[in-house]
Protein chains: 2
Amino acid sequence: MLKHMLDQSVNLDRTFQALADKSRRSMVERLTVGPASISQLAEPLDMSLAAVVQHVQVLEACGLVTTKKVGRTRMCRIEPSAMTAAERWMADRRRGWEDRLNQLGDVLADVALGEEAP
Amino acid sequence: MLKHMLDQSVNLDRTFQALADKSRRSMVERLTVGPASISQLAEPLDMSLAAVVQHVQVLEACGLVTTKKVGRTRMCRIEPSAMTAAERWMADRRRGWEDRLNQLGDVLADVALGEEAP
DNA sequence: ACGACAGACAAGCAGTTACTTGACTGTTTT
DNA sequence: AAAACAGTCAAGTAACTGCTTGTCTGTCGT
């Protein structure tokens, strides 16, 4: 249950990292429409097939995409659930400040440190 | 309005990249409670002050954090609005498949490709 | 069976990231 | 004024990224 939190953190690392790339995001967008092969993903992307495969591997490593070989093509599809951890982390932070004493905390800190004025 | 979309993309890159690091995420979590100085951020983190400064710079570059020097200390606080772009991107993708023809699309693709069965 | 296709695998490479240390600059404290 | 404090800046480094090319393995159409 402690290990769980570490794994969780590692997975957030991987998910955010995966999404921190325009090409990878565009693949996810493409897959939102429906499953696609590696070469279909590659088509609009101006890079080698091998590069696309590597990107897909990154997306697989964080669980955002699952693949399955069918004949000589590899079909890829998104795994919606893989994004919830990242979404939740963001939502939690947002609640953390929007709800709570953030305005209050800021004001107090500003006063205490003499915000803008001598 | 075309350039806008590119900037947007670059900013998503930076935001996701910023969040793809446990130390940086923990700083954001800490700042959710309220503003903090560099050394306060550094305290639980087992790395040099200089390293923490560099992390803060990354968070500043994507707008997630703003800082202001007060005397010899630099106070940091979160900028809630900076996360909305990333949140929206995820929410949009989620809608993209959950709502729409995803189940349908998957089923059709499976049938067309002979899912699991010869 | 043959060549073309879709991808797999490995090595290599330029650029970036996440640190470090050490010397330096302002700011408080005493 | 001197010492301690909170950062700052510049190099340097080891590991990681995002590609490439070339070779090799299966699969499909003919």
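Throughout, a chain's letter reflects where its sequence line sits, starting with A, and its residues are numbered from 1. Quantities reported herein were computed from a predicted structural model and do not represent experimental measurements.
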Any N or O donor-acceptor pair linking the side chain of A:Q17 to the base of C:dT17 at under 3.5 Å?
-> no
Using distance alone, with no hydrogens and no angle criterion, decide if A:W89 and A:Q8 have a side-chain donor and acceptor under 3.5 Å apart.
-> no
Compute whether any side-chain donor of one residue and acceptor of the other, for A:R77 and A:T66, lie under 3.5 angstrom apart.
-> no
Rounding to an integer number of Å, can you tell me how far [X] [atom1] sits from [N] [atom2]?
X     : N      : atom1 : atom2 : answer
B:R24 : C:dT17 : CZ    : C1'   : 8 Å
A:F16 : C:dT17 : CZ    : P     : 18 Å
B:Q54 : C:dT21 : CD    : P     : 13 Å
A:K69 : C:dC5  : NZ    : P     : 17 Å
A:D13 : C:dT17 : CG    : P     : 15 Å
A:M27 : D:dG18 : CE    : P     : 11 Å
A:E43 : C:dA6  : CD    : C1'   : 15 Å
B:D46 : C:dA18 : CG    : P     : 16 Å

More than 12 heavy atoms of other groups within 6.0 Å of A:E43 CD | no
Can you tell me if the side-chain N/O atoms of B:T73 get under 4.0 Å from OP1 or OP2 in D:dA6?
-> no
Residue whose closest nucleotide on DNA chain D lies nearer the 5' end, A:D21 versus A:G71 = A:D21
Tell me which of A:L49 and A:R72 sits closer to the 5' end of DNA chain D, going by the nucleotide each one is nearest to.
-> A:L49
Say whether, by atom type as modelled, one donor and one acceptor occur between the side chain of A:Q17 and the main chain of A:R14 under 3.5 angstrom.
-> no
Side chain of [X] only, heavy atoms from C-beta on: which candidate in [options] is closest?
X     : options               : answer
A:M47 : D:dT21, D:dC19, D:dT8 : D:dC19
B:S48 : C:dT21, D:dT8, C:dC19 : C:dT21
A:H55 : D:dT21, D:dC19, D:dC9 : D:dC19

Specify the closest pair of heavy atoms between B:A82 and B:G63, including all atoms of both residues, with the distance to one decimal.
-> CB-O, 3.1 Å
